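Notes follow once the structure below has been shown.
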Amino acid sequence: MIDLSESGLDELFRHDLSSIEFQIYFDAMKHELLASNAVATTLIAHVVQSNDSRPDAIVIFGLLLDEARMGIENDSAYGKAFLTNAERAIAAQMAAGACGPLDLMKIAALYRRAGLPVPDLLIIDPGEAEIPAEVPVPDLDQALAILAADIKAEGGGPYEFFNGLNEMTAGLPEKMQAGLVHHLASLDDPLSESCALYWLLSGPSLVQQAAAAGLHTKLTRTSLQVETLFYLPIIRGWLPAGTARAIVDDIGQLARRKGLFGAPGRDKVESIVGDIMASVTDGVGAQSIAMVGKRNKQTFVAMILLKTGYGIKDAFVIRCRSKREANSIVSYTREEANGLRIDRMTAELLLEAALADGLRNGSMPAPGFIDVMEACDLNGLRPQERDLQALLDYADPQRDVQTATPEQLDLMLNDDQALDALLPLIDSWFEDTGETRTIMRRSHSARTAETKIWAFLDGRRDIWARRFLQTAMILRSAKKKDPSKTLTAAAFALMQKYPLQDIPLMENIVFTTLEAGSAGLE
C-alpha cells in the first residue's frame, strides 16, 4: 500500500487530467484511492476551499464518485467505503464551519453527475441556510433565460440545459425541485418543454409528476409541440403505473379533444445512419453502441451504453463539425474497446432487449435516449423481452448449432482458431462478486477454490448463455462467422446442461476468475 496522505497525492495532481499519463496512473491506483479514508478527507478539504491550490481536486473527486458508483453496481470490493468516507469528511467540514450552502450544492452536483443518490447531509434548507450577502438572488425566469442563452451560445441544446439544471438543483429538497420542474414545464418555451420529457425519465416520482403536470398545465392553456405529443405516448409505455403515467394519459385525452393529433404530423427530417459500432459485452454486462449519421446536414454521433440489469444506462448525441471529427469520437469504441461494425437490425435487437431488461428491473431509459431515437430514426423501438431461445434463433438462423450432432458440437466448442480470435474480446469475462470473493477468501487451497468456482458458475448458466449469444449476434453481424458459431455452440451447450468442464469458454472464465482473485492462496 502506498502513502495516500496529502503528500502521497502529489503524483496524482502532478499530471494533466487530460493526459494519457494521468489516465494510466489513475486506472492503476483507483482502487487504493477509493479505499483510503485519507484520500476522501483530503479531496473534500480541497473541494470546499475557495483558495484551493489543488484546482483539479473537484474533478478527481468526481472521477472517484463515478468509480464508486460502478463498483456498487458491479458488486465489486470497492465503492461503498469511499462514499462512507466522503460523507464523514463532508460532515467534518460542516462541523468545522468550513462548508457552506454553496459548497454543499457544488458537491451535490458531483454526486448527481456521477449518477449517485445525493446524501441527506448535502440537502440544504433554503429557509435555514445562510446565503452570503454578496450572492445575489436573481429572478427565476431571468436566471433560466440567462442559463439557456449561455448554453445556446456554446452550441448546446435542451439536453445540456436539462443537465445543467439537474446538477444545479441536486442539493435542493425534492419538493423544491418538483416546483421548479413544474414551473419550467408549463412555460411557453420549446426548450423548457423538451426538458420536461427528460425529467419524466429521471429523478424521483415527485419530479416526474411535476414534469407531467407542468405539460398538462401548458396544454390546458395553449398547446404542446408536435414532437412532445409524439414522444409522450412512447414515454408513457416506459413509466410505471402511478400518478405521472395517469397525468400523461390525461394529456393524451386532452390533446385528442383539442384535435391536436389530427394536425399535420411530425416534420419528417431524413436521418442517414452510416457506421454502427458495438463493443462486446464485458464481464459486468456493460456494452457500448456508437452510431455515426447525418440529420439536417449536421453530422452526429449517438452514443449508447447498455448495462445488464439497467437497460439503457446512458445515451446522448454529440453534434460534430465533420465526419472526420465523428470518426475520431468513435475511435475508442473501435480500437480501445474492440468495437465491431454491425448492421442496423442487430443494433435494434440489442436496444429493444435492453429496454425490456431495464424496465423489468425498474430502470427507465436514460433521458438522452429520446435524442438518440430522434437522431437515428429509432422511434419504432419498443421493449422486447427475448428469452434465450429467441436469442439462439437469431444467432443460429440456419440451426446449424441446434441440429448438430454431439461430435459436430464438440468441434465447434473446441475450434482453436475461433477461440484464439475471441481471446482479445473476452479478456474481461470473469466473475468478481461478493460470493466469489467469499469463496476465494475462505478457501484453504487453490484446488478448493477452483471446485467451488465451478459450482458457483453452474448456477449462472443462463447469465453466461445470454452473454455468449449477445456477443455471437454482434460477431455474426460483423461477418466473423467461426467465432460467432463457437460462442453460439457454447451458449447452446449451457442451455442443454452440458458439463461446464466440456466447454472451453467456461474453462477460460474459471481460470481468469481464479487468477483475478487468487492473491494469498497457495
Side-chain angles (χ1 to χ4, degrees), residues 157-159 161-163 165-166 177-269 271 295 302 304 311-312 315-317 351-352 354-356 358-359 362-384:
Y159 185 66
F161 185 54
F162 158 77
N163 273 335
L165 278 176
N166 203 33
Q177 293 182 48
L180 173 64
V181 169
H182 183 277
H183 175 76
L184 197 75
S186 62
L187 293 176
D188 291 325
D189 174 34
L191 186 69
S192 301
E193 186 176 314
S194 297
C195 285
L197 298 181
Y198 300 134
W199 264 301
L200 272 174
L201 291 173
S202 62
S205 58
L206 193 62
V207 171
Q208 290 179 314
Q209 294 169 27
L215 291 175
H216 191 279
T217 298
K218 182 179 181 183
L219 180 59
T220 301
R221 187 178 66 248
T222 55
S223 185
L224 294 175
Q225 298 178 85
V226 173
E227 289 80 9
T228 302
L229 291 172
F230 178 82
Y231 281 108
L232 276 175
I234 296 175
I235 294 173
R236 190 265 180 206
W238 301 338
L239 288 168
T243 303
R245 193 167 80 179
I247 297 173
V248 171
D249 288 340
D250 290 342
I251 291 173
Q253 294 173 10
L254 179 57
R256 281 188 287 272
R257 287 200 299 271
K258 286 192 167 194
L260 296 178
F261 285 120
R266 300 172 66 246
D267 294 334
K268 180 63 176 176
V269 179
S271 294
R295 180 180 174 85
I304 312 156
I312 310 291
F316 51 90
V317 175
L351 291 172
E352 288 187 333
L355 280 171
L359 297 180
S363 295
M364 298 282 283
F369 191 58
I370 297 173
D371 296 339
V372 171
M373 291 175 70
E374 183 174 37
C376 301
D377 194 18
L378 294 170
N379 297 312
L381 290 182
R382 295 296 181 270
Q384 295 288 341

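Just so it is clear, the values below take in all heavy atoms, side chains as well, and ignore hydrogens, waters and symmetry mates. The shown structure was predicted, so the numbers you read here are calculated from the model rather than taken from an experiment.
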Note, L355 side chain near W238 side chain (heavy atom, < 4.5 Å): yes
Residue that, paired with F230, satisfies side-chain contact (heavy atoms from CB on, under 4.5 Å) out of L232, T228, I234: I234
4.5 Å side-chain heavy-atom contact, I251 and L224: yes
Any residue meeting side chain to side chain donor-acceptor pair (under 3.5 Å) with S202, in chain and number order, not counting sequence neighbours: none
Check against side-chain contact (heavy atoms from CB on, under 4.5 Å), L381 and F369: CA-CA 11 Å; L381 290 182; F369 191 58; 3.9 Å; yes
S223: partners by side-chain contact (heavy atoms from CB on, under 4.5 Å), with sequence neighbours left out: L260
V248 to L239 - nearest heavy-atom pair and separation: CG2-CD1, 4.0 Å
Contact list for residues 188-207, test ring-ring contact (aromatic ring centres under 6.0 Å, His included), sequence neighbours left out: Y159-Y198, F162-Y198, F162-W199
Point-to-point distance, once rounded to the nearest 0.5 Å, from CG of L184 to CD of E193: 10.5 Å
Taking every non-hydrogen atom, the tightest pair across A178 and V207: N-CG2, 4.2 Å
Straight-line distance of L180 CG to H182 NE2, nearest 0.5 Å: 11.5 Å
Partner set under side chain to side chain donor-acceptor pair (under 3.5 Å) for S363, not counting sequence neighbours: none
Side chain proximity check, E227 to S194, heavy atoms < 4.5 angstrom: no
Separation between CG of D250 and CG of L215, rounded to the nearest 0.5 Å: 12.5 Å
Min side-chain heavy-atom separation D188-K218 under 4.5 Å: yes
Residue pair E374 / R295, side-chain heavy-atom distance below 4.5 Å: yes
Value rounded to 0.5 Å, distance of CG in L351 from SG in C376: 9.0 Å
Residues that R236 engages under side chain to side chain donor-acceptor pair (under 3.5 Å), provided they are two or more places apart: D249
For K258 against T220, the heavy-atom pair lying closest together: NZ-O, 3.6 Å
Minimum heavy-atom distance between A375 and S271, given as atom pair plus value: O-OG, 2.7 Å
Partners meeting side chain to side chain donor-acceptor pair (under 3.5 Å) with R257 (sequence neighbours left out): none
Least distance between heavy atoms, I247 atom then Q209 atom: CD1-O, 3.9 Å
Taking every non-hydrogen atom, the tightest pair across G237 and L359: O-CD1, 4.3 Å
Pairwise side-chain contact, C195 with L165, heavy-atom cut-off 4.5 Å (strictly under): no
Check: L219 main-chain N/O paired with T222 side-chain donor or acceptor under 3.5 Å: no
Test log, rule side-chain contact (heavy atoms from CB on, under 4.5 Å), inputs M364 and L200: CA-CA 9 Å; M364 298 282 283; L200 272 174; over 6 Å; no
